[in-house]
Protein chains: 2
Amino acid sequence: MAEKSYHHGNLKEGLIEAGINLINEEGEKHFSLRRVAALCGVSNAAPYSHFKSKEELLKAMQNHVTDQFTAELKKSIKDEDLDSPTAIIKLGKCYVMFFIRNPQYFEFLFSQSLVRVDLNMNDDGANNYPPFELLRKLTFRVFRKMGMPKNEIKDIVISEWATVHGLAAILTMKGISYDYDWEQKIEDIIVHK
Amino acid sequence: MAEKSYHHGNLKEGLIEAGINLINEEGEKHFSLRRVAALCGVSNAAPYSHFKSKEELLKAMQNHVTDQFTAELKKSIKDEDLDSPTAIIKLGKCYVMFFIRNPQYFEFLFSQSLVRVDLNMNDDGANNYPPFELLRKLTFRVFRKMGMPKNEIKDIVISEWATVHGLAAILTMKGISYDYDWEQKIEDIIVHK
DNA sequence: CTTAAATCTTTACAGCGTAAAGATTGAGTT
DNA sequence: AACTCAATCTTTACGCTGTAAAGATTTAAG
């Protein structure tokens, strides 16, 4: 409720929020620093007090959306038995449905991606992508309980991630036509193997 | 070997080729119409005689790369028994390896994608993405031979595509670290299910 | 109250996509 | 061979972009 004054008061968060709105409404192609600044009622160069470049603002926006994504993933297995394969299915379904509900986010998060993941999964890798970390930990927990050796679980983790990530990629392609009840269909496709 | 003259002689193809080279060497972020024009030794506006916009040139470039991709996929199953699941594995492996060899192409082909696919696969859908069509036809052929009903095969096709497409997406992420012999590993991951 | 740091504005510049108008060339007609 | 027209290319120009630089305003600390 801040009145118009020289200082915005909350410009950094304001830019991130306005930027995400702009992406949602018009897509990344029509995103520009100047437009975001205008949406916040500040001048062209004002964002440079908080972000050293357009890319830095985009990264902050990506991190914000990733946080939201991660929160939904965690919520999806909150009441599940974390030793059961059912939990993995729930998590995978949530992964895909997030992008079906927010199709713009897929390209936004993964084009020029910030994701840094160690697929060797040696527990010392710099894995800065929490959604993958959730899937990795849960899968190791479930399959270790079933007595599977670690090396095999590694392949399963990658396979699971590839499946849900690939499904999200395919189902958010602009021209895709589909008549399914995806909520159920996704589960069928994930479980099928 | 054309000497410098007012007319370029082969500008349309020249722009497509120079554009793809630019993408390969510097990435899509540094791609611009003016730079491609300069690479071809013509003026800023010359491309507009052949493409009505930057997007149209990019589409032509995407189609060119997709043709190359499709050719490699066809070649990968040229000597295979097309009634055997082995052929599907070969095709899937080729799908992923293409993008491992050409990491820049993944984002280039699928961000702002031209892909138009009917996942209902009613044989009347407008499917303009030949790589998917190859996978779809081959999979139906193999699994029909095995007596599987069409509805189940549909899910398998989507699952297969999601897996290889997702693998390609993951393995071409910029920060991914991996120590594997992927050629073999990919097969393990695809077959695992 | 003074000063410094943080935040915002103004101005400026090069690069971008592309519209418009004009120059050059080659191909076809006569 | 001369004319004509369409295709192809250049020049110029406009508004938008990212961002560097310098200056204004406000807040916070001493």
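The figures here come from the full heavy-atom set of this structure, side chains too, leaving out hydrogens, waters and symmetry mates. Naming convention: chains lettered A, B, ... in sequence-line order (proteins, then strands); numbering from 1 in each chain. The shown structure was predicted, so the numbers you read here are calculated from the model rather than taken from an experiment.
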Geometric class of the A:F69/A:F98 ring pair [parallel <30°, tilted 30-60°, perpendicular >60°]: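 A:F98 and A:F69: parallel rings.
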Rounded distance in Å - [atom1] ([X]) to [atom2] ([N]):
X: B:H30; N: D:dG18; atom1: NE2; atom2: C1'; value: 12 Å
X: B:F51; N: C:dA19; atom1: CZ; atom2: C1'; value: 19 Å
X: B:Y48; N: C:dC16; atom1: OH; atom2: P; value: 12 Å
X: A:F31; N: D:dG18; atom1: CZ; atom2: C1'; value: 11 Å
X: B:L11; N: D:dT10; atom1: CG; atom2: C1'; value: 13 Å
X: A:K29; N: D:dC16; atom1: NZ; atom2: P; value: 17 Å
X: A:K12; N: C:dA6; atom1: NZ; atom2: C1'; value: 13 Å
X: B:E26; N: C:dC16; atom1: CD; atom2: C1'; value: 16 Å

Just to confirm, is there a sub-4.0 Å distance from OP1 or OP2 of [N] to any side-chain nitrogen or oxygen of [X]?
X: A:S32; N: D:dT17; result: yes
X: A:S49; N: C:dT7; result: no
X: B:H50; N: D:dC9; result: yes

Tell me which nucleotide among C:dG17, D:dT10, C:dC8 gets nearest to the side chain of A:A46.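 The answer is C:dC8, which lies nearest to the side chain.
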Options C:dC8, C:dG17, D:dT11, nucleotide nearest the side-chain atoms of B:A45: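 Closest nucleotide among those given: D:dT11.
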Tell me, yes or no, whether the heavy-atom count around B:K154 atom NZ, taken from other residues, nucleotides or ligands under 6.0 Å, exceeds 12.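 Yes, NZ of B:K154 has more than 12 neighbouring heavy atoms, counting only those of other groups under 6.0 Å.
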Strictly below 4.0 Å, heavy-atom distances to any atom of DNA chain D: list the hits from residues 53-61 of chain A, or just say none.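 Correct list: A:S53, A:K54.
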State the CD1-OH distance between B:I23 and B:Y105, to the nearest 0.5 angstrom.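 Rounded to the nearest 0.5 Å, the CD1-OH separation comes out at 9.0 Å.
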Could you tell me which residues satisfy side-chain hydrogen bond (donor to acceptor under 3.5 Å, both in side chains) with B:S84, sequence neighbours excluded, listed by chain and number?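 For B:S84, the residues satisfying side-chain hydrogen bond (donor to acceptor under 3.5 Å, both in side chains) (neighbours in sequence not counted) are B:T86.
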For A:K52 and for B:N44, locate the closest nucleotide of DNA chain D by heavy-atom distance; then report the residue assigned to the nucleotide nearer the 5' terminus.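 The answer here is B:N44.
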Could you pick out which residue, B:G9 or A:L33, lies toward the 5' side of DNA chain D when each is mapped onto its nearest nucleotide?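 First, find each residue's nearest nucleotide; the 5'-ward one identifies B:G9.
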Backbone of A:L114 reached by a side-chain donor or acceptor of A:N128 within 3.5 Å: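 Between the backbone of A:L114 and the side chain of A:N128 there is a qualifying donor-acceptor contact (under 3.5 Å).
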Hey, does the side-chain of A:R34 have a donor or acceptor N/O within less than 3.5 Å of a partner on the base of D:dT19?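 Yes, a donor-acceptor pair under 3.5 Å.
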Test of understanding: with ring pair (Phe, Tyr, Trp, His ring centres under 6.0 Å), list the residues that count as partners of A:F106, not counting sequence neighbours.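 A:F106 satisfies ring pair (Phe, Tyr, Trp, His ring centres under 6.0 Å) with A:F99, A:F110, A:H165 only.
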Would you say the side chains of B:D188 and B:Q184 form a donor-acceptor pair under 3.5 Å?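 Present: a donor and an acceptor within the cut-off.
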